[in-house]
Amino acid sequence: MRDQDAWLCFADESGQVLRPPKARTWSRCGHTPRVTVRGGGSGRISLAGVVCRRPGRPTQLIFRMLVHHGRKGERKGFREKDFAALLDAAHQRLGGPVVLVWDNYTHHVDAAMRELIEARSWLTVFRFPACTPDLNPAEGVWAHLKNSLGNLAPRAPSFSRLDSESQVWARCLKSAVVGGS
């Protein structure tokens with residue numbers, strides 16, 4: 001990595017169902033607790049992101065989000081072209097070669113993704129061993145986001161509002177968690 005003067009990037013993807021989470025609550029004795037929740041609760045948000053580090057430079061978080069409304073025939077997750085577009089955006093923003101480390105997710109190892117990787121001379125890819133999510137720093141970003149996203153869902157009356165609120169929250173996360181610009 002140092003020989004190439006490259007960015008070390010850890011990639012991961014995650015999803016969050018938009019149904020309000022089940023939780024426990026407290027109330028005074030003899031009073032039934034009531035929690036108001038808006039919306040039908042269908043759909044989901046899919047996230048894919050890259051946490052990037054290079055000595056002497058601030059850590060960067062680059063991510064993309066897909067909102068699924070639950071419509072028939074709608075994509076339900078990121079595909080090879082989506083990952084390639086994310087990596088291209090990361091390369092353009094970082095302005096240098098990228099050493100990517102990610103898991104063995106089906107869409108990361110299939111023939112279409114191998115083709116897309118081979119077409120990018122600036123990209124070197126390594127894979128985590130199976131069943132080792134603790135080695136990937138991007139996993140912690142998604143865990144933090146999921147804990148907070150559940151609190152946004154009950155307040156958002158629509159997908160577009162939830163989408164915009166979660167994007168604002170992700171920008172704050174970007175600054176707070178990884179110190180990105």
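No hydrogens, no waters, no symmetry mates; every other heavy atom, side chains included, goes into these values. Note that the structure is predicted; figures quoted are calculated from it, not measured.
- When Leu8, Asp5, Leu94 are each tested for a side chain to side chain contact (heavy atoms under 4.5 Å, CB included) with Arg54, only one passes: Asp5.
- Contact record, Leu86 with Val50: CD2-CG2, 3.8 Å, taken as the closest heavy-atom pair.
- Of the inter-residue distances, the one linking Leu123 atom CG with Trp7 atom CH2 reads 15.5 Å to the nearest 0.5 angstrom.
- The aromatic rings of Phe10 and Phe128 sit parallel, their planes meeting at an angle under 30°, below the 60° perpendicular limit.
- Side-chain atoms of Arg28 do not come within 3.5 Å of backbone N or O of Thr32 as any donor-acceptor pair.
- The closest side-chain heavy-atom distance from Val98 to Leu87 is not below 4.5 Å.
- When all heavy atoms of Phe83 and Ala48 are compared, the closest pair comes out as CE2-CB, 4.1 Å.
- Distance check, rounded to the nearest 0.5 Å: CD of Glu80 to CZ of Arg114 gives 10.5 Å.
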Between Asn136 and Val101, does a side-chain contact (heavy atoms from CB on, under 4.5 Å) hold up when you go through it step by step? CA-CA 8 Å; Asn136 191 347; Val101 185; over 6 Å; no
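- The nearest pair of heavy atoms linking Ala84 to Leu116 is CB-CD1, 3.9 Å.
- In this structure, CZ in Arg127 is found 8.5 Å from CG in Leu100, a value given to the nearest 0.5 Å.
- Note that CH2 of Trp122 and CD of Gln92 are 10.0 Å apart. Values are rounded to the nearest 0.5 Å.
- A heavy-atom distance below 4.5 Å is not found between the side chains of His91 and Arg120.
- From Asp103, atom CG reaches atom CG of Leu135 across 11.5 Å, with rounding to the nearest 0.5 Å.
- Here Cys9 contributes atom SG and Gln60 contributes atom CD; the two are 9.5 Å apart, rounded to the nearest 0.5 Å.
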